[in-house]
Amino acid sequence: MAGMEQTLLLVKPDGVHRNLVGEVLARIERKGYVIADLKMLTATTEILSEHYSEHREKPFFADLLKYMSVGPVVAAVIEGSRVVEGVRSLSGSTEPTMAAPGTIRGDLGRDWGNGQIENIVHSSDSPESAEREIAIWFK
Ligand code: UDP
Ligand code: MG
C-alpha cells in the first residue's frame, strides 16, 4: 500500500524482566499500528554491535551491550503509515526520568541509580535505520 512503512521495536531486557511486553505491545496496537512480525531472543554481542554500530565509539557502548544482553528481548516489526515517527513518539525521549508522561519511557521507566539508562524500548529513528535494523533482527 502507498505510504505504508515499517519500523523496528525492541522491548529491551528490563522491559521483558518487568513483565511489560504486553503493556508495550498493547500501546502499539491501541494506536492502530500492526504487528507484522514478532519474536523473543537473547541478543548476541554480534547482533548488538551491528544494531548499535553508530554508538561504537561512545563511552557508554560497553555498558549498553551488557545491559542489552543480560536477558531476552522481544523484537517486533511494526507497520503503518508514518510508523517510524509514530513509534518514536510513543516511545518518548531517551532518558526515562525526563521522558514525557504518556510515553512508554515516561510512564514506565525511571533511573534506578545503577548508572545505566534503562528505558524499556528501542525504536528506529528513521526509515533508513528501520530498514537496516529490521534486516539485522529478522534475517
Ligand atoms: N544510552 C546510554 N547512555 C547514554 C546514551 C544512551 O546507556 O548516555 C543507551 C540507551 O539505552 C539508549 C541507547 O543507548 O536507548 C541508544 O542511544 P540513543 O541516543 O540512540 O537513544 P534512543 O535512540 O534509544 O532514544
Ligand atoms: Mg537511537
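Everything quoted here is computed from the prediction, not taken from an experiment. Read the numbers this way: they start at 1 and go in the same order the structure lists the ligands and their atoms.
Near Tyr52, the atoms of ligand 1 lying under 4.0 angstrom from a non-hydrogen atom of the residue are 16 (C).
Close N/O approach between Arg105 and ligand 1 is found [any backbone or side-chain N/O within under 3.5 Å]. Ligand 1 has no N or O atom lying under 3.5 Å from any N or O atom of Ser123, backbone or side chain. Checking only distances, Glu54 never comes within under 3.5 Å of ligand 1, N or O to N or O.
Heavy atoms only, all atoms of each residue included: Pro96 and Ile117 are closest at CD-CG2, 3.9 Å.
Under the 3.5 Å distance criterion, the side-chain polar atoms of Asp107 are matched with a main-chain donor or acceptor of Gly102. No side-chain donor-acceptor contact under 3.5 Å links Glu5 to the backbone of Pro127.
Using the six-membered ring where Trp is involved, Phe60 and His55 have ring planes that are tilted, between 30° and 60° apart.
Here Glu118 does not pair with Arg18 in a salt bridge; the nearest charged N to carboxylate O distance is not below 4.0 Å. A salt bridge between Arg132 and Glu128 is absent, with no side-chain N of the basic residue lying under 4.0 Å from a carboxylate O of the acidic one.
The residue from His122, Arg88, Glu95 that puts a heavy atom closest to atom 23 (O) of ligand 1 is Arg88. Relative to atom 7 (O) of ligand 1, the option among Gln116, His51, Glu118 with the closest non-hydrogen atom is Gln116. Residue nearest to atom 12 (C) of ligand 1, selected from Leu65, Asn119, Asp14: Asn119 (by heavy-atom distance).
Two residues are said to be in side-chain contact when any heavy atoms from C-beta on lie closer than 4.5 Å; Val73 and Trp137 meet this criterion. The closest side-chain heavy-atom distance from Val121 to Arg27 is not below 4.5 Å.
What sits closest to atom 25 (O) of ligand 1 on the protein, heavy atoms only, is Thr94 OG1, 2.6 Å. The protein non-hydrogen atom at the shortest distance from atom 11 (O) of ligand 1 is Lys12 NZ, 3.1 Å. Of the protein's non-hydrogen atoms, Leu64 CD1, 3.6 Å is the one closest to atom 9 (C) of ligand 1. The protein atom (non-hydrogen) at minimum distance from atom 8 (O) of ligand 1 is Phe60 CD2, 3.5 Å.
At a 4.0 Å heavy-atom cut-off, ligand 1 touches Ile117 through backbone and side chain alike.
Distances shorter than 4.0 angstrom occur between a heavy atom of His55 and an atom of ligand 1.
Within a 6.0 Å sphere centred on NZ of Lys31, heavy atoms belonging to other residues, nucleotides or ligands number 12 at most.
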